[in-house]
Protein chains: 2
Amino acid sequence: MLSEQELAKSPLFHDISYQDYREILSCFQAVQRSFRPDELIYDFSSDAVGVVERGQASLIRIDEEGVATVLEDLGAGGVFGKTLAFAGSTGDSLEVVCRRPCDVVFIDYAHILSRCGHACQRHSILVQNMLQLMADKAQALSCRVDVLSRRSIREKLMCYFRQLSQQTGNRTFTLPFSLSTLADYIATDRSAMMRELKRLREEGTIRSEGRQFTIRQ
Amino acid sequence: MLSEQELAKSPLFHDISYQDYREILSCFQAVQRSFRPDELIYDFSSDAVGVVERGQASLIRIDEEGVATVLEDLGAGGVFGKTLAFAGSTGDSLEVVCRRPCDVVFIDYAHILSRCGHACQRHSILVQNMLQLMADKAQALSCRVDVLSRRSIREKLMCYFRQLSQQTGNRTFTLPFSLSTLADYIATDRSAMMRELKRLREEGTIRSEGRQFTIRQ
DNA sequence: CATATTGTGTGGGATATGCAACGGAAAGGG
DNA sequence: CCCTTTCCGTTGCATATCCCACACAATATG
């Protein structure tokens, strides 16, 4: 259960009064839970849709050999659920795990889509907020596809860097995760990526120290 | 303008009466247009959201060197728009082009999100349909990320094949596009992909003839 | 504090992948 | 129907990328 202040910042319940918020929780049978780092948030077994209200989580795929890949990075407003992600190969399993302390709301997807007779006003606003979050998610996934569809490590890196730079509106930015995870994110070998970073640094195309990067131009 | 029969099949106007449909078009200032193959549908200059009602289109990226990459394959129900796709590197341009004869509806995104005083019932249904389309889009993009995040051509191919197989519920399926486009879709060199396909065929992991494939198991 | 775990930086060797190029098949257009 | 364009299938060669392995720093863990 969110406090009145937290509610104001909530992406899903934006523009909804505290009174309505509580009624929605019961009407939609929504569940709100908090998580600690490394805790398992969701294992794609239920039909619920989850919304990250606060904190940070990751959607990861674990293939048959146990190799983990970061599929998505979920911040506040991040949405996930069985109906939103493809459980690709049958052998693979998907998980949402907590990175930084999280508040998450779970709502049954069918409840959101079905038009309920009463409470229609509230329902309508919630659906609109949900639509906004879905649009954001689609955009985030598009970014990811943009990066992954590049042919070489160098291009992937620069594409991703430009995205981060554009988001902060600054040529200098900080990676949201470790370099090892970055390699995972752009789906390449870590050592090969390190080599490429070195080359980019030597050429002067980028500067970096730790997780802080600056791109030229 | 759709006929009454076509309206029934429309993903965006699903569950909306013909009367309401016409009023929505004017209320939302929606525009409906048809396109012929190779015609430019959308160039990401306006803030409109487009929905493919019928036919097939592709979202492609053209980088500074003029190399085109298929980012998305849009069938009936496909959604696109500036707010839904990332204009990755500034030098690149994005386009939606017609593949097979298309009907497309354009609606201003702000119109969809803003709560209008009158016509709220219609609005609400439209937003819910939109939400459904966005969820579908997110799922499609997730699939794409799933494929692209694989490390080798072989894994990418098999991942994609399994997805198609799962969609049709059959071990045999037909590619939605040419082999050349497939190479583009999984972001690899065409000849390298052909080599890998040959190997998979020799091993007996897959069978193929033209665009028709069968996977083992 | 000692100890484990994870992250960073580097290199050598094997190979999967990209590139350029070609010829024929198939398909589309006038 | 011919002609143009796209698609398919294949090869040799160069190299970018992967895999394995190591050393050390940074961070967590008890």
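Reminder, nothing fancy here: chain letters follow the sequence lines and each chain counts from 1. As the structure is a prediction and not an experimental result, all values here were calculated from the model.
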Would the base of [N] count as contacting [X] through its side chain, where contact means a donor and an acceptor less than 3.5 Å apart?
| X | N | result |
| --- | --- | --- |
| B:R195 | D:dG9 | no |
| B:S178 | D:dC8 | no |
| A:R190 | C:dG9 | yes |
| B:S191 | C:dC19 | yes |
| A:R211 | C:dG7 | no |

Exercise for review: May I ask you to verify if any side-chain N or O of A:K156 is less than 4.0 angstrom from the OP1 or OP2 atom of D:dT17?
Suggested key: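 False: A:K156 side-chain N/O out of range (4.0 Å or more) of D:dT17 OP1/OP2.
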Practice item. Report yes if a side-chain nitrogen or oxygen of A:S180 is closer than 4.0 Å to either non-bridging phosphate oxygen (OP1 or OP2) of C:dT8; otherwise report no. Key: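 Answer yes for this pair, as a side-chain N or O of A:S180 is under 4.0 Å from OP1 or OP2.
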Write down the distance between [atom1] ([X]) and [atom2] ([N]), rounded to a whole number of angstrom.
| X | N | atom1 | atom2 | answer |
| --- | --- | --- | --- | --- |
| B:I153 | D:dA16 | CD1 | P | 16 Å |
| A:M194 | C:dT10 | CE | P | 7 Å |
| A:M193 | C:dT8 | CE | P | 8 Å |
| A:E155 | C:dG18 | CD | C1' | 12 Å |
| B:R151 | C:dT17 | CZ | P | 13 Å |
| A:I186 | D:dA16 | CD1 | P | 16 Å |
| B:E196 | C:dG18 | CD | P | 11 Å |
| A:D189 | D:dC20 | CG | C1' | 10 Å |

**Study point:** CE on A:M158 to CD on A:E196, rounded to 0.5 Å
**Key:**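 Those atoms lie 10.5 Å apart.
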Practice item. Kindly state whether the ring of B:Y185 and the ring of B:Y160 have centres lying under 6.0 angstrom apart. Key: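 Centroid separation for B:Y185 and B:Y160: below 6.0 Å.
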Point to revise | Residues B:E203 and B:R216 bridged, charged N to O under 4.0 Å | key: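 Judged by the 4.0 Å cut-off on N to carboxylate O distance, B:E203 and B:R216 do not form a salt bridge.
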Review point. Between A:R151 and B:D184, is there a side-chain N and carboxylate O pair less than 4.0 Å apart?
Key: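 Looking at B:D184 together with A:R151, the answer is yes, because their closest N to O distance falls below 4.0 Å.
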Point to revise | B:A192 side chain, from C-beta outward: closest of C:dG11, D:dT17, C:dT17 | key: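 Among the listed nucleotides, the one closest to the side chain of B:A192 is C:dT17.
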Check your understanding: Does atom CZ of A:R201 have more than 12 heavy-atom neighbours from other groups under 6.0 Å away?
Key ->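 Yes, because the 6.0 Å sphere around CZ of A:R201 holds more than 12 heavy atoms from other groups.
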Practice item. Take B:L179 and A:R154, find for each the nucleotide of DNA chain D with the closest heavy atom, and name the residue whose nucleotide sits nearer the 5' end. Key: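 Going by which nucleotide is closer to the 5' end, it is B:L179.
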